[in-house]
Amino acid sequence: MPEHENPYATALAWLGPLSLAFGARTWRRALVLVAGAILTRGPRTVASALRAVGLDAAPGFSAYHRVLSHRPWSGRAVSRLLLAELLRVFVPPGAPVVVGLDETLERRWGRRIAARGVYRDPVRSSHGHFVKASALRWFALMLLTPVPWAGRAWALPFLTALAPSEQYACRRGTRHKKLTDWARQALLQLSRWLPGRRIVAVADRSYAALELLHAVRRRVCVVTRLRLDARLFDPPPPRTPRTIGRPRVVGPRQPTLAQRVGRPDTAWCRLELDGWYGGGGRRAVEVATGTAVWHHTGLPAVPLRWVLVRDPASRFEPQALLCTDLDAEPAEALGWFVRRWSVEVTFAEARRHLGVETQRQWSDAAVSRTTPALLALFSLIALRARELHAHGRLPHRRAAWYRKNEPTFSDAIAALRRSLWTEAARFPASPHAPDSVQVPRAMLDRLTDLACLAA
């Protein structure tokens with residue numbers, strides 16, 4: 001099949017807004033790789049993508065490898081265009097833009113993968129068992145938004161960056177950037193992309209760092225966990241004209257949140273939240289809230305709203321959250337935070353259905369582009385699934401032993417595969433049997449290979 005006769009170009013016309021980040025020739029080849037990454041099963045290599053679209057005998061296969069390893073295109077420009085499409089489809093104008101930030105490991109081996117490091121594996125480790133993994137570490141920024149046809153919030157990746165280890169920076173003689181540095185840079189970039197929009201960033205406790213909160217709090221509202229023994233203070237008293245010395249940073253110290261949990265004068269109120277950690281049901285909790293200044297010696301002071309959460313049925317230990325927006329309601333902050341669970345779901349679905357950790361690139365440019373592209377593919381499938389659902393073309397698979405009321409990501413990618421096959425092939429009806437279609441031999445062989453071959 002010649003390059004200019006790509007049968008999937010029309011079926012992927014909905015990706016047109018992203019073409020502004022590519023040259024014309026690179027974009028045509030990128031569409032082939034996108035179609036192949038969606039259609040193939042198993043490892044997501046360039047070779048498997050070319051096999052899926054019928055280009056396994058094409059003599060110019062190396063040109064498709066160079067899309068990832070050599071061609072000049074900006075991943076940041078693609079991220080901005082993808083974010084604009086996600087906001088247009090999923091976030092109404094004027095609504096807050098809720099994003100989640102987290103990191104994940106892509107387990108990889110190989111001496112030629114320069115950014116590879118050794119990290120603690122958070123999935124296989126426990127409190128009493130430490131497991132190390134050779135991996136690439138990725139920092140990801142995702143849009144946390146309800147998906148109406150799925151019945152819950154999804155985490156849609158739009159910006160992913162490689163965050164190498166400190167040893168990698170030492171070998172190269174460069175300054176090491178911690179995860180909080182990557183978070184600060186990404187959130188400030190996001191605020192420049194969305195001037196005038198209210199941005200809420202949700203993260204786990206590892207991002208509850210005073211330097212990070214101080215750097216972004218005037219542009220982004222951050223919601224994360226807070227230690228129960230954090231040093232909280234009243235705001236500093238007003239400075240009078242006769243006051244001498246440096247201005248005070250904080251006022252009198254407040255009781256710790258651990259002390260407030262056991263105090264009888266703590267004012268608790270009952271809340272019922274929808275979508276508790278992706279379960280889809282309502283969960284009753286009790287919350288207490290207040291404002292304070294979080295401060296530690298030698299670090300900037302950050303005003304915040306703290307929210308204590310406890311379960312009336314004692315199914316989990318009391319927890320604390322912080323919100324850098326002092327005017328935010330406790331129910332609002334807690335509702336934003338419980339969306340964070342969808343970030344872990346996205347990482348798991350990307351490994352299971354999009355082949356993350358099965359890539360085989362080793363050049364620096366290809367390594368830094370492939371995993372962000374696969375995670376962005378998750379968001380692109382969600383965009384297309386919305387259109388398929390609107391036209392009644394997004395069925396969800398059920399069985400007698402598995403009750404499923406709403407479509408999941410596996411249903412979305414299956415519907416998109418079906419759409420690509422039917423729109424690209426356009427099988428003609430058989431003149432002898434109205435209920436049958438005529439399938440060309442080449443297409444039948446390709447479908448058989450995809451179903452039978454392991455890779």
Side-chain angles (χ1 to χ4, degrees), residues 33-52 64-65 67-69 75 78-79 100-126 129-142 154-165 167-168 179 182 204 341-382 408-410 412-414 416-417 450 453-455:
L33 295 180
V34 170
I38 294 172
L39 295 175
T40 191
R41 303 172 65 92
R44 290 312 195 277
T45 61
V46 174
S48 62
L50 294 179
R51 290 193 189 100
Y64 297 92
H65 289 269
V67 171
L68 297 171
S69 61
V78 176
S79 298
L101 52 150
D102 204 354
E103 75 280 355
T104 188
L105 296 182
E106 177 194 341
R107 298 164 188 86
R108 292 288 299 272
W109 291 91
R111 291 179 297 176
R112 303 182 73 176
I113 303 177
R116 178 179 60 90
V118 177
Y119 305 93
R120 176 185 178 272
D121 192 329
V123 176
R124 301 172 182 172
S125 300
S126 63
H129 186 58
F130 184 86
V131 178
K132 295 187 293 185
S134 170
L136 298 168
R137 184 173 61 179
W138 296 96
F139 171 84
L141 205 58
M142 308 186 186
W154 279 24
L156 304 177
F158 63 90
L159 177 62
T160 306
L162 183 61
S165 64
Q167 289 78 8
Y168 174 80
L179 286 174
W182 287 102
D204 60 16
W341 175 250
S342 58
V343 173
E344 305 298 337
V345 177
T346 293
F347 285 143
E349 298 277 28
R351 288 184 173 89
R352 183 179 301 115
H353 299 291
L354 297 180
V356 172
E357 295 187 346
T358 64
Q359 309 93 298
R360 292 295 178 265
Q361 291 84 2
W362 52 263
S363 67
D364 291 348
V367 165
S368 65
R369 286 172 166 177
T370 307
T371 299
L374 290 177
L375 290 176
L377 186 60
F378 185 98
S379 301
L380 294 175
I381 292 173
T408 60
F409 182 75
S410 62
I413 192 172
L416 183 52
R417 284 170 176 156
L450 289 176
L453 297 179

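Residue numbers start at 1 and run along the sequence shown.
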Check your understanding: Checking Ser368 side chain against Ala365 main chain: does a donor-acceptor pair fall under 3.5 Å?
Key -> yes
Review point. Nearest 0.5 Å, what's the CG-CD1 distance between Leu380 and Ile413?
Key: 11.5 Å
Check your understanding: How about Asp204 and Val343: do any of their side-chain heavy atoms sit closer than 4.5 Å?
Key -> no
Review point. Any chance the side chains of Gln359 and Thr370 put a donor and an acceptor closer than 3.5 Å?
Key: no
Check your understanding: Leu354 and Glu349: side-chain contact (heavy atoms from CB on, under 4.5 Å), yes or no, with the steps?
Key -> CA-CA 7 Å; Leu354 297 180; Glu349 298 277 28; over 6 Å; no
Review point. For the side chain of Arg41 and the backbone of Leu39, is there at least one donor-acceptor N/O pair under 3.5 Å apart?
Key: no
Practice item. Find the distance between CG (Leu416) and CD1 (Ile381) and round it off to the nearest 0.5 Å. Key: 6.0 Å
Point to revise | Short side-chain to backbone donor-acceptor contact, Ser48 and Pro43, under 3.5 Å | key: yes
Study note, to complete from the structure: Hits for side-chain hydrogen bond (donor to acceptor under 3.5 Å, both in side chains) against Ser69, two or more places apart or cross-chain, chain-then-number order -> none
**Study point:** Smallest separation among heavy atoms of Trp182 and Leu162, with atom names
**Key:** CZ2-O, 3.3 Å
Practice item. Show the numbers, then the answer: is there a side-chain contact (heavy atoms from CB on, under 4.5 Å) between Val46 and Gln361? Key: CA-CA 9 Å; Val46 174; Gln361 291 84 2; 3.9 Å; yes
Practice item. List the atom of Thr40, the atom of Ala37, and the distance in Å for their closest heavy-atom pair. Key: CG2-O, 3.9 Å
Point to revise | Main-chain N/O of Arg107 paired to Glu357 side chain as donor or acceptor, under 3.5 Å | key: yes
Point to revise | Arg351 to Thr104 - nearest heavy-atom pair and separation | key: NH2-OG1, 2.8 Å
Exercise for review: State the CG-OG distance between Leu156 and Ser342, to the nearest 0.5 angstrom.
Suggested key: 8.0 Å
Check your understanding: Hey, is the main chain of Thr358 close enough, under 3.5 Å, to the side chain of Arg360 for a donor-acceptor pair?
Key -> yes
Point to revise | Over all atoms of both residues, closest heavy-atom pair of Pro157 and Ser379 | key: O-OG, 2.6 Å
Sequence neighbours excluded and cut-off under 3.5 Å, please list the side-chain donor-acceptor pairs for residues 111-120, or say none.
{"from": "Arg116", "atom 1": "NE", "to": "Gly110", "atom 2": "O", "distance (Å)": "3.1"}
{"from": "Arg116", "atom 1": "NH1", "to": "Ser134", "atom 2": "OG", "distance (Å)": "2.8"}
{"from": "Tyr119", "atom 1": "OH", "to": "Ser165", "atom 2": "N", "distance (Å)": "3.2"}

Review point. Atom CG in Leu159, atom CG in Leu101: separation rounded to 0.5 Å?
Key: 10.5 Å
**Study point:** Partner set under ring pair (Phe, Tyr, Trp, His ring centres under 6.0 Å) for Phe378, not counting sequence neighbours
**Key:** Trp154, Phe409
Review point. Is there a side-chain contact between Leu33 and Val67, using heavy atoms and a 4.5 Å cut-off?
Key: yes
Revision key, fill the gap. Only one of Leu105, Asp102, Val356, Thr160 passes side chain to side chain contact (heavy atoms under 4.5 Å, CB included) with Trp138, and that residue is Thr160
Check your understanding: With side chains defined as the heavy atoms from C-beta onward, is the minimum distance between Arg137 and Leu179 less than 4.5 Å?
Key -> yes
Exercise for review: Considering non-hydrogen atoms only, spot the tightest contact between Ala140 and Met142 and give its length.
Suggested key: CB-CE, 4.0 Å
